[in-house]
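Proteins come first, then strands; the chains are lettered A, B, ... in the order of their sequence lines, and each starts at number 1.
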2 protein chains.
Amino acid sequence: MAGIDPSLVRALPLFSKLSAAELDMLLEQATLRRFAVGEAVFEQGAAATQFFLLLHGRLKVTQVTADGQQIIVRMVHPGDIFGFAKALQRDDYPGTPTASAESVVICWPTQVWDLFIEKNPHLAVNAMQTIGQRLQEAHTRIREMATEEVERRVAHAVLRLIIQAGKTESAGIRIDFPISRQDIAEMTGTTLHTVSRILSAWEAKGLVKGGRQKLLVRDATALRELAEGD
Amino acid sequence: MAGIDPSLVRALPLFSKLSAAELDMLLEQATLRRFAVGEAVFEQGAAATQFFLLLHGRLKVTQVTADGQQIIVRMVHPGDIFGFAKALQRDDYPGTPTASAESVVICWPTQVWDLFIEKNPHLAVNAMQTIGQRLQEAHTRIREMATEEVERRVAHAVLRLIIQAGKTESAGIRIDFPISRQDIAEMTGTTLHTVSRILSAWEAKGLVKGGRQKLLVRDATALRELAEGD
DNA sequence: GATACTGCTTGCGCCAACGCAACGATACTG
DNA sequence: CAGTATCGTTGCGTTGGCGCAAGCAGTATC
């Protein structure tokens with residue numbers, strides 16, 4: 001299924017400096033795949049034969065520990081590339097990206113990566129910036145987990161979600177994909193129970209409005225104050 | 001102070017694919033600086049005008065939170081590059097690298113980075129792999145902080161230290177630079193007190209041998225078992 | 001070799017958050 | 001539209017690890 005419409009990816013910063021011809025060449029090698037909710041694009045530990053770009057939808061990248069506990073490493077939003085393990089000198093994928101919403105993904109064979117980096121330094125620079133930003137997000141999260149208590153961590157997580165996936169509605173800002181209490185727990189390193197209690201308390205104070213796999217932020221300012229200590 | 005001996009860096013994987021001429025050109029632009037224990041190479045938030053490579057010694061990269069708490073983001077070991085904020089699309093440094101031991105550092109102006117990436121794709125690929133590895137370490141740490149209890153986190157941290165800075169002695173493996181209980185606490189997201197208690201318990205069991213800013217691992221195998229659950 | 005300093009240890013009380021458990025509520029399914 | 005599965009809420013007992021505080025032991029200073 002080659003021949004993807006360039007207009008789909010033209011606007012992405014990752015490809016901003018590529019010529020039309022280069023972009024065409026890149027897209028010729030690509031395949032388009034669709035994933036239903038709950039489906040995994042690939043499995044943790046599988047051989048890294050492809051890398052990907054999320055066109056539409058939403059993915060959560062999870063890792064499982066030896067004793068079966070699961071955490072959400074990060075969310076993948078439209079326009080993000082993911083699964084480029086080979087570029088990071090790995091032969092297998094470190095996590096499992098699962099569709100939280102119906103998703104459309106562009107897939108490339110890993111060989112294409114090296115080829116294009118070689119021919120196009122811009123792409124390397126852009127990719128490095130992408131990874132760099134991710135590294136910083138990771139460090140932020142480490143700092144939060146080390147120093148902040150659960151309620152503030154959850155506040156930060158929710159704020160991040162409304163930045164990356166917030167849809168403004170009349171009643172507030174809605175998180176634009178199905179997200180469970182369990183998900184939030186796995187993003188903040190706590191339990192489903194604690195998240196539920198915190199969200200209930202917030203709802204009583206009018207900060208948010210919950211629902212089954214739904215979350216609406218009514219007062220982002222108050223939430224931001226809560227996230228930064230008093 | 002230009003004209004650094006190429007033999008100092010020749011062996012580093014980062015420069016492995018550079019020709020002698022390219023390496024010379026790179027080193028012409030560099031400066032060598034020395035830091036005493038406790039000195040900072042640069043301060044968190046300062047404008048990123050240079051990037052660096054640690055030749056000799058040991059640095060700890062710290063971040064301070066708004067309310068004054070400190071954490072150690074990572075350790076810098078000889079051969080590591082650090083402070084390449086500009087490559088990550090930042091104008092300021094996200095953390096402060098402080099010398100834990102007497103250290104020698106190569107410094108380049110940031111402009112050199114773009115120049116060399118452009119001219120030498122290998123360097124870009126190598127740098128990306130370096131950042132990629134760091135990203136994975138960060139994810140590992142996030143997973144540990146989310147799922148493991150303090151004792152196991154400390155065990156993992158110590159194991160990582162003996163890999164990166166272990167010097168085998170007759171009595172066991174010594175960590176090759178001054179490290180305090182407070183440091184270990186800031187690496188694992190806990191308090192000095194808890195670390196002290198844990199290390200005391202380990203010492204009673206003959207796993208380690210402590211001391212002022214010293215740590216000797218007597219039984220790495222037992223420590224590894226402790227780090228992985230039972 | 002006395003003084004100050006900095007880093008390490010240990011005891012004790014306390015609380016945030018976990019784990020268990022039971023119960024509601026909402027969405028899918030045939 | 002009953003039946004079932006999934007997701008969310010809430011109560012309660014327990015506990016890991018934090019914070020305080022006091023004391024100890026090396027290391028540097030003059």
Exercise for review: Please report the shortest heavy-atom distance between B:T190 and B:V195, naming the atom on each side.
Suggested key: CG2-CG2, 3.7 Å
**Study point:** Rounded distance in Å - CD (A:Q182) to P (D:dT9)
**Key:** 13 Å
Study note, to complete from the structure: Separation of D:dT9 atom C1' from A:I198 atom CD1, nearest Å, is 14 Å
Practice item. Scan residues 87-109 of chain B for pairs that pass salt bridge (charged side-chain N to carboxylate O under 4.0 Å, His left out), counting only residues two or more places apart or in two chains. Key: B:R34-B:E102, B:R90-B:D92
Grab the N/O contacts between the protein and nucleotides 18-20 of chain D below 3.5 Å, and write none if there aren't any.
{"residue": "D:dC18", "atom": "OP1", "partner": "B:T190", "partner atom": "OG1", "Å": "3.3"}
{"residue": "D:dC18", "atom": "OP2", "partner": "B:T190", "partner atom": "OG1", "Å": "2.4"}
{"residue": "D:dC18", "atom": "OP2", "partner": "B:T191", "partner atom": "N", "Å": "3.4"}
{"residue": "D:dC18", "atom": "OP2", "partner": "B:T191", "partner atom": "OG1", "Å": "3.1"}
{"residue": "D:dC18", "atom": "OP2", "partner": "B:T194", "partner atom": "OG1", "Å": "2.5"}
{"residue": "D:dG19", "atom": "O6", "partner": "B:R197", "partner atom": "NH2", "Å": "2.9"}
{"residue": "D:dC20", "atom": "N4", "partner": "B:H193", "partner atom": "ND1", "Å": "3.4"}

Check your understanding: What string of B, S and - do you get for nucleotides 23-30 of chain D, 5' to 3', if B is base contact, S is sugar-phosphate-only contact and - is no contact with any protein heavy atom under 4.0 Å?
Key -> --BBS---
**Study point:** Side-chain (B:S196) to main-chain (B:L192) donor-acceptor, under 3.5 angstrom
**Key:** no
**Study point:** Distance-only donor-acceptor check, side chains A:E137 and A:Q133, under 3.5 Å
**Key:** no
Return all side-chain donor-acceptor pairs below 3.5 angstrom for residues 43-56 of chain B, not counting sequence neighbours, or 'none' if the list is empty.
{"residue": "B:Q44", "atom": "OE1", "partner": "B:V64", "partner atom": "N", "Å": "3.1"}

Check your understanding: To the nearest Å, how far apart are A:D183 CG and D:dT6 C1'?
Key -> 13 Å
Practice item. Please identify each residue that fulfils side-chain hydrogen bond (donor to acceptor under 3.5 Å, both in side chains) with B:R58, with sequence neighbours left out. Key: B:H77
Exercise for review: Hey, could you give me each pair passing side-chain hydrogen bond (donor to acceptor under 3.5 Å, both in side chains) that has a residue in residues 205-223 of chain A? Not counting sequence neighbours.
Suggested key: none
Exercise for review: Taking side chain to side chain contact (heavy atoms under 4.5 Å, CB included) as the test, write out the residues that go with A:A138, two or more places apart.
Suggested key: B:L135, B:A138, B:H139, B:I142
Revision key, fill the gap. Sorted by chain and residue number, the side-chain hydrogen bond (donor to acceptor under 3.5 Å, both in side chains) partners of A:E144 (sequence neighbours excluded) come out as A:R160
Practice item. Mind calculating the distance between CG (B:L192) and C1' (D:dA21) to the nearest angstrom? Key: 13 Å
Practice item. List in chain and number order the residues that pass side-chain hydrogen bond (donor to acceptor under 3.5 Å, both in side chains) with A:T65, two or more places apart in sequence or in another chain; answer none if no residue qualifies. Key: A:D67
Exercise for review: Would you kindly give the CD-to-P distance between A:E186 and D:dG8, to the nearest whole Å?
Suggested key: 12 Å
Study note, to complete from the structure: When the rotation axes relating C1' atoms of four end pairs to the next four are compared across the helix from C:dG1-D:dC30 to C:dG30-D:dC1, five pairs an end, they differ to 10° by 50°
Point to revise | A:Y93: which of A:F84, A:F42, A:F82 passes ring pair (Phe, Tyr, Trp, His ring centres under 6.0 Å) | key: A:F42
Check your understanding: What distance do B:D176 atom CG and B:E169 atom CD have between them, rounded to the nearest 0.5 Å?
Key -> 8.5 Å
Practice item. Mind checking side-chain hydrogen bond (donor to acceptor under 3.5 Å, both in side chains) for A:K60 and listing every partner two or more places apart, or none if nothing turns up? Key: A:D183
**Study point:** Start and end of the DNA chain C segment that chain A contacts, any atom under 4.0 Å from a heavy atom
**Key:** C:dA17 to C:dA27
